[in-house]
Amino acid sequence: KQTAKELDDAIKNNIQDIETLDYIADRLFDTMLGLSGKGECIYLKFIKYLETFDPIAAQRRKDDYEDSLEYILLMPLLV
């Protein structure tokens, strides 16, 4: 919950240091896998924000996010 707020605050404050944003976003991403809700919404907002100043980095994170969702959906089939 705190991590989602940190990322949302960083976006609102127009932070564009990718290392700082990644540090916060990675912590959020690690805790939200398999979940939906506010954390996921903030992470998607982060990707959209990142597109405004680094579209390549944004696409990488979007691909990682989508790959993780695919894995979560397919995991029960692999067991």
Residue set satisfying salt bridge (Lys or Arg N to Asp or Glu O under 4.0 Å) with Lys62, at least two apart, ordered chain then number -> none
Minimal heavy-atom distance between Ile18 and Leu50, with the atoms involved, is CG1-CD1, 4.2 Å
For Asp9, is there an ion pair with Lys5 - N to carboxylate O distance below 4.0 angstrom? yes
Open item on the list: I want to check something: taking the side chain as every heavy atom from C-beta on, are Asp22 and Arg61 in contact at a cut-off of under 4.5 Å?
Closed with: yes
Practice problem: Assess whether atom CZ of Phe53 is packed by more than 12 heavy atoms of other residues, nucleotides or ligands within 6.0 Å. | Solution: yes
Got Gln59 and Glu51 here, is their nearest side-chain heavy-atom distance under 4.5 Å?
no
Check your understanding: Hey, mind stepping through Arg60 and Asp64 against salt bridge (charged side-chain N to carboxylate O under 4.0 Å, His left out) and telling me if it holds?
Key -> CA-CA 6 Å; Arg60 261 194 316 253; Asp64 289 346; over 6 Å; no
Side-chain donor/acceptor of Tyr49 to backbone N/O of Ile15, under 3.5 Å: yes
Under the criterion side chain to side chain contact (heavy atoms under 4.5 Å, CB included), I'd like the reasoning laid out for Gln2 against Arg27: C-alpha separation, chi angles, the key distance, then a yes or no. CA-CA 10 Å; Gln2 178 63 27; Arg27 290 185 354 238; 6.0 Å; no
Looking only at heavy atoms, the pair that brings Phe46 and Ala25 closest together is CE2-CB, 3.5 Å
task = Answer yes or no: is there a side-chain heavy-atom contact under 4.5 Å between Leu28 and Ile24?
result = no
The reported gap from CG in Asn13 to CG in Asp8 (rounded to nearest 0.5 angstrom) is 9.5 Å
